[in-house]
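Working notes, structure below.
Convention: sequence-line order gives letters A, B, ...; per-chain numbering from 1.
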Amino acid sequence: MSGSKDFHSADPVTWCPGCGNFGIQAALQSALTELGRDPRDILLVSGIGQAAKMPHYVRANFFNGLHGRALPAAAAAKIANRGLTVIVTTGDGDCYGEGGNHFLHNIRRNLDMTVIVYDNQIYGLTKGQASPTSAPGLKTRIQPAGVILEPFRPLAVALALDCGFVARGYAADKEHLAGLILAGMRHKGFALIDTLQPCVSFNKVNTYAWYSKRIYKLGPEHDPADRAAAMIKAEEWGDRIPTGIIYEKVRPSYEDLSGLEDIPPLVDAPVGGIDIAPAFEDFR
Amino acid sequence: MSGSKDFHSADPVTWCPGCGNFGIQAALQSALTELGRDPRDILLVSGIGQAAKMPHYVRANFFNGLHGRALPAAAAAKIANRGLTVIVTTGDGDCYGEGGNHFLHNIRRNLDMTVIVYDNQIYGLTKGQASPTSAPGLKTRIQPAGVILEPFRPLAVALALDCGFVARGYAADKEHLAGLILAGMRHKGFALIDTLQPCVSFNKVNTYAWYSKRIYKLGPEHDPADRAAAMIKAEEWGDRIPTGIIYEKVRPSYEDLSGLEDIPPLVDAPVGGIDIAPAFEDFR
Amino acid sequence: MRKEISIRITGEAGQGIVSVGNMLCRMYKDTGRHVFAIQDYMSRIRGGNNFFQVRAAAEPVAAPRACADIVMALDREAVSANQGALAPGGALVLDAEEYGIPALEPGWRSVPLHALARDAGGSIYVNAVALGVLAAMTGEGLEPAGAAIAKEFAGKGREVIGKNLAAARAGFEHAAKQLKDCAYSLPKGTGGAPYLLSGNDAAALGAIAAGCKFYTAYPMSPATGIMNTVADYAARYGIIVEQAEDEIAAVNMAVGAGFAGIRAMTGTSGGGFALMCEGVSLAAMTETPLVVAVVMRPGPATGFPTRTEQGDLDFVLSAGHGEFARAVYAPGSPEEAFRVVKRAFNTAEKHQLPVLILSDQYLAESYVNTARPDLQAEAPDRGLLLGAESDPEAERYAHAPGGVSPRLIPGRSRALAVADSDEHGTAGHITELAEVRIRMTQKRLHAKAEALAGEVLAPTVYKPGSRVMLCGFGSTLGLLREAAGARADTGFVHYSQVWPFPAEATRSALGGSEKAATVENNASGQLARLIRRETGIGLAGSLLKYDGRPFNIDEVSAWLDKEGR
Amino acid sequence: MRKEISIRITGEAGQGIVSVGNMLCRMYKDTGRHVFAIQDYMSRIRGGNNFFQVRAAAEPVAAPRACADIVMALDREAVSANQGALAPGGALVLDAEEYGIPALEPGWRSVPLHALARDAGGSIYVNAVALGVLAAMTGEGLEPAGAAIAKEFAGKGREVIGKNLAAARAGFEHAAKQLKDCAYSLPKGTGGAPYLLSGNDAAALGAIAAGCKFYTAYPMSPATGIMNTVADYAARYGIIVEQAEDEIAAVNMAVGAGFAGIRAMTGTSGGGFALMCEGVSLAAMTETPLVVAVVMRPGPATGFPTRTEQGDLDFVLSAGHGEFARAVYAPGSPEEAFRVVKRAFNTAEKHQLPVLILSDQYLAESYVNTARPDLQAEAPDRGLLLGAESDPEAERYAHAPGGVSPRLIPGRSRALAVADSDEHGTAGHITELAEVRIRMTQKRLHAKAEALAGEVLAPTVYKPGSRVMLCGFGSTLGLLREAAGARADTGFVHYSQVWPFPAEATRSALGGSEKAATVENNASGQLARLIRRETGIGLAGSLLKYDGRPFNIDEVSAWLDKEGR
Ligand SMILES: Cc1ncc(C[n+]2csc(CCOP(=O)(O)OP(=O)(O)O)c2C)c(N)n1
Ligand SMILES: Cc1ncc(C[n+]2csc(CCOP(=O)(O)OP(=O)(O)O)c2C)c(N)n1
Ligand code: SF4
Ligand code: SF4
Ligand SMILES: [Mg+2]
Ligand SMILES: [Mg+2]
């Protein structure tokens, strides 16, 4: 089994029937199949939340860490072994709420990893509190009069930080999403794919029906190299919601700049036999 | 003394001679004088760093909290007593590094407070490590080959989050800076003033001389209501660096939306005599 | 007639298990019985297997039984997952046709729960059908069940109530005919404790009653319930409930609000509290009142998000860097939770320091019928505060008895209010001086600890010096009470405040006993170690449980039978 | 001739105090003497008053003296701030004209330090002038001073070295003439310990030697020094040093790197560690090796950023929610720090758990001349790892002796490498089962703790069972050694590993002693409490110091004179 290129996991899925996550799971599996690497060369990293359970359901190496802390763990794993294809599967709360600071600084760090944010605009696993991306007015038990904070704008913030790959996917369009994930994996650097994901249990606003009226795919008229156009598309929300690659630009990656690429993967460096004596001499 | 409108503090200043912070101190004091409120109605909040020592040097109420955590403390103090004029004096490390998540979410929260970020592009108090805004290539003891992360772009991120007041000041131009601070205090909502501040001890790149060649003031041709123009100005950096109000827009504040404004300040609500009996009845 | 009955309703997440559980509690409570109920659920929103187990009795009860006299299985998986929890002589009710279970084992009874629900309007009414069946099986009339339905769905409108009533009636009528031989009826009780409270509800009510005006937290099971209940009442009581971006924000907001002069609180579980440690230390250094509820769940890390443990006692006692005084409460029941939360605010303000309240999922999410507590108890005491008429030069950190300098409120005191996280002098400015450091440490640590020690809540001691003495803290109060109550030679000590530790009271309670042991929902016997450290008394042992589930009274009795001799 | 000399160089931040202090250390060390030096500085970059105090002796020394035989004051404030630290018969050197101090007190000597510096090229050379003066006053030649200058400024080019040499010569010549009567010379020693190491340097070298390939931290005094030194060698040894955006990122990065198969480390002080608690718990749950240096400074909160304390022992012992095994080391010298850090990596990998190293500003930033440690000691042992040829179905969390299942490395093991922060089964997938929980808790907590206990570093015990026994941990080793060495009736126990606690070794070391007391740089006697909890032994007392400064040998002797009878 291990060693086969099958990304099917035997672990029973615990999502609600109809959850948008099933679509993302399928898209991720098909993108991985398309990529063609062995599951042993793939590392899925997540925090905690419904989205963050994904690594259990797609067969590969995985690190299911703390709520909000997927990105630092993923970044370090990539530094340790630059040969791994690192994919982060995280939620809007995980990545933009608890993990917001790591979101900012890992865009700056620009390690080669693909970050899929399952953006259901809600805290699913904890039973329906507002998330950073919840629409103003959304009523929850904690916000009985409706959310009053402006929504977080992940795509615009990523663009503001000149993230090299900024995309939006939709969980119900698996094929398109699979294409985005594949493109993200092929992009050398931090690739953000904010993926709109209906939560059938708690988000009664942003439903499949709501999305299907609004979602459209960016066509060839959109030039992902055009940052100003990208900013407009990143902010388009309401009656029309674009999906696709909003912005792409090749920036030197951390691996390039840190010199990691000039040496064998750190994981292959010997641990024993290090000659520390010369360093001691500097302390004479 | 207390009760006078003098913002001069007797606490001895511990900054290096020539530090840009002296200019910010003077600007803040003059803006406060201009504002005309009693020091007892002013609350200065900071984290830890050189910038964050400011509350000791300007006479008012102050809360000098933890590194990176000025914003949450300030937000809650404002919620507790909306009558206070709340000013946060924080560093680029304090606010964009350790405190990055609070930066994002307090822009969203949009409480009426003025946030002055003393942006010296360095960690001053801890002796010169890179800060989030440090220029790529800057060499430090920890980054001997130079910084390799893309700089954080506070103004662009704030704009991406539709922050209602986004400005850039320069420590050496006290008068102009005082004007920005005053405008920030008068803006009802979260006002960000990223203030370029030479650190004479550790930042040998962004010096007074470096700035004086580049800094210019935005004139009347710049319309702070024009978001697209603002985005361009927010990203202008290099040969020419604009200062002034880059963007301003009145957004409903947290105080409005939460209903805080409809009730007396929470701090005046009686603590005793609360009739909890009716609530118990709901648990029958 | 039996003296008590335990009923377990079980099914998958989404089948309305909690709702029917609550109705069942009300049905018994409102007919004069005492009830105690626990929730056992998985960290998922649909599917899996959850249960709600109600114990009803003529006498007060405050701990679960190991097994249920009736197991009501709402789906197929519930049968296999819960058949082991059926008490001897009990009945397991299932829907054999629906679940495709042809052969019934002894004690199993099939009822067409789902067909009846569909007839009443749909599968979602299966829980109401179950309620009706249970009402019949336990010899209650349909009326109390109907009343419970009306109450449960009060906000949902007539139609919902009507359909649920119809479903319950269908279940009742079916069972009244087909399960006549099931006789699980309970004597009517005198009851008289009308409120059905969980620990989380009670903590929230305590906070509201204490005049808390700002509750801020980041969602985390099993602490979110406190925030939910405060939010329910926020508008009515003029409270701001603010969902923080993370736990660090929550604790720093709570401190900021405390500094600005209002009563503020945050709550979380172990993982979130781990992120708050620095903020706890901040409250100590700035001498700002802070109240934090730590509602424990099994760790490490994410652990079992929806289950219970008492594994964070050690952690909470020393959480936060540096040395400072703190108070740590550990209420033993919803009633104590209400009172202790009120007290926590007083302690935090009078002594100007962090106060931590240890709860756990078991206490937080179990329900017990509770008499109306004395609402006057723990009347608000804000400690020393300087107002608008005070000395304009008053120094915030002036040395004073008990380590407590009068607080200054920004915008409300005549003097300027200051706070500093660095070491500081009496005026709140940064210092580097050794002498100042020494005195300030003595203020924050020694003087305050001494003052706090004078106000420690005495442990509940039952039959001190008994041959066998059980020791526990927090959620196990009811369990200890029942276990010791049933044995002539057994007493207990229960701590609803674990810090400062009541060493003297412990010594005198345990003095003369032959076997003293702790009963702890953890794997390392943290309370036993604490007792040893603070009193020098080495206990004879510990009954530990660390499978994520609460103790039940039967396993404690069994252990006492074996070990308590 | 005196057996030893203590010299304090003091001035404001920015005057090059550390630089001259280092040169002074080298001057004595390279002439065969033993040296020990402490740094005392404020949390500011310019101004204020700092000092560097060197103790040089013919015999090994590893603790500071209370007073200095020579106080060299580089500015006016330094005089008033340090005059109290002048030993009887000592000399305080100042620049009377420059500082405007007309009247000299007895023992004060004026030298035109600043005029000489200006002559040599500018006021910045005042420290070099001071070095020359000191070389003359202590009867050293100018040559050793010159050699120290050449070494100190090796990277700065000829001109800098030349100007410093000129300044030193001017000071030397002036003093040789004007301070002839000052006779503070030391006998030549045999020395032989050529390396001048601080605790931070040693810890960094230990990490490099251990094969650490990733050091990540957020800057925080006094831990930053470790990162600085690792960064100095990063390119040479193929190490990535990554400045994290915050401490939470740092600890989660360290865990992520450990999971991915490399040796990784982070370091911080109490406040940063407070933010890492959840990450420590994560390492425990995922059974990922983690090494964290906790370099203590006085808290709570920001406290005294640049000063010292041993206040976080309790905190570190129980930091992180949930229950799990951990190892906590507390090296007593740079030499021990080097070795213990290497050992920490082995412990972390062999047992797959978090390992914490307690240091403090005193150890981290004091210098001692050190012999070359045995570089072969603590040879890397990575524990059980499954490689490319292993069982493709190997389960990451399979139950195994000592709680240690062989590790899997993503991309390098044949089986898939997994890690889960939830409770999980042997295959690493989320579970809700009670039985699984029990066994996994026993694995992470009981089995590992037992295995760790078998490998605890024995405490250093000197004269066990002496009438007076001193107990300490971490940075106080040298102090205990010297204090006990000077008294026939006094021994000591020093813990360089505080967890698992070596209870047996403690009992046998303290057995027979009349007075056992701890010596702790904190305000609450945390070690004494730990000893009581773990051994039942109630100590006679504690010598506590909590003013942010390290102990000096004289105050310990004085206390022993008084209390040790
Ligand atoms: C430190 C910490 N705080 C809080 C939690 C509780 N928690 C678990 S998942 C979650 C939010 C999940 O939201 P999101 O990331 O949007 O995931 P979703 O379930 O919606 O897919 C929270 C708050 C936790 N596990 N750890
Ligand atoms: C939790 C925590 N981490 C780290 C530190 C150490 N620290 C103090 S100030 C500072 C950075 C200061 O940088 P900045 O905010 O830019 O302020 P500046 O000194 O440059 O004005 C750091 C890392 C701390 N006090 N607390
Ligand atoms: S709660 Fe929402 S996000 Fe979670 S599994 Fe159910 S539908 Fe999906
Ligand atoms: S180190 Fe830099 S920022 Fe700090 S006081 Fe000195 S000049 Fe100012
Ligand atoms: Mg979500
Ligand atoms: Mg800075």
Side-chain angles (χ1 to χ4, degrees), chain B residues 12-19 21 46-50 52-53 56 63-70 73 91-103 120 122-132 134 138-149 152 199-203, chain D residues 12-14 18 41-50 77 155 200 204 215-236 239-250 267-272 274-275 297 299-306 365:
Chain B
V13 174
T14 62
W15 294 318
C16 309
C19 176
N21 287 351
S46 71
I48 293 295
Q50 300 285 23
K53 289 180 183 170
H56 295 274
F63 185 88
N64 180 179
L66 295 173
H67 181 53
R69 316 303 169 188
D92 43 337
D94 207 36
C95 192
Y96 308 141
E98 183 89 48
N101 207 31
H102 314 307
F103 177 67
N120 55 5
I122 204 81
Y123 281 10
L125 188 58
T126 49
K127 304 196 173 168
Q129 300 81 20
S131 91
S134 290
L138 180 85
K139 290 190 170 59
T140 79
R141 180 97 187 257
I142 313 263
Q143 289 91 9
V147 168
I148 62 170
L149 271 63
F152 183 69
C199 164
V200 296
S201 291
F202 295 114
N203 189 331
Chain D
E12 61 174 28
V18 178
Y41 61 103
M42 295 181 163
S43 181
R44 59 192 292 173
I45 305 303
R46 293 280 176 273
N49 179 258
N50 297 350
E77 194 186 332
N200 272 349
Y215 191 95
T216 179
Y218 188 76
M220 185 162 198
S221 310
T224 309
I226 303 177
M227 179 154 55
N228 286 341
T229 302
V230 177
D232 291 345
Y233 292 95
R236 223 199 282 178
I239 299 167
I240 294 287
V241 173
E242 181 61 14
Q243 185 178 322
E245 57 271 29
D246 56 33
E247 288 85 352
I248 303 173
T268 184
S269 189
L275 294 167
R297 68 192 215 188
T302 310
F304 265 162
T306 60
E365 301 188 333

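If you measure heavy-atom distances from B/Ala145 to chain D, you find no contacts under 4.5 Å at all. For B/Ile48, the part sitting under 4.5 Å from any heavy atom of chain D is the side chain, from C-beta outward, and nothing else. Neither the backbone nor the side chain of B/Val200 comes within contact range of chain D; no heavy atoms are under 4.5 Å apart. The contact between B/Leu149 and chain D is made entirely by side chain atoms (from C-beta outward), counting heavy-atom distances below 4.5 Å. If you measure heavy-atom distances from D/Glu242 to chain B, the contacts under 4.5 Å come from the side chain alone.
For D/Asn200 against D/Pro222, the heavy-atom pair with the smallest separation is ND2-O, 2.9 Å.
Between B/Arg141 and D/Asp232, at least one side-chain nitrogen of the basic residue sits less than 4.0 Å from a carboxylate oxygen of the acidic one, meeting the salt-bridge criterion.
No side-chain donor-acceptor contact under 3.5 Å links B/Gln129 and D/Tyr218. For the 3.5 Å distance criterion, the side chains of B/Lys53 and B/Ser46 fail to qualify, holding no donor opposite an acceptor.
Between B/Phe152 and B/Tyr96, the angle of the ring planes lies from 30° to 60°, which puts this pair in the tilted group.
For D/Tyr215 and D/Tyr233, the ring centers sit 6.0 Å or farther from each other.
Interface summary for chain B: among D/Ser43, D/Gly271, D/Gly14, the most heavy-atom pairs under 4.5 angstrom belong to D/Ser43. Contact count versus chain B (heavy atoms, under 4.5 Å) is highest, among D/Asn228, D/Ile248, D/Leu275, D/Thr306, for D/Asn228. Per-residue heavy-atom pair counts under 4.5 Å with chain D were compared for B/Gly97, B/Pro17, B/Ser201, and the maximum is reached by B/Ser201.
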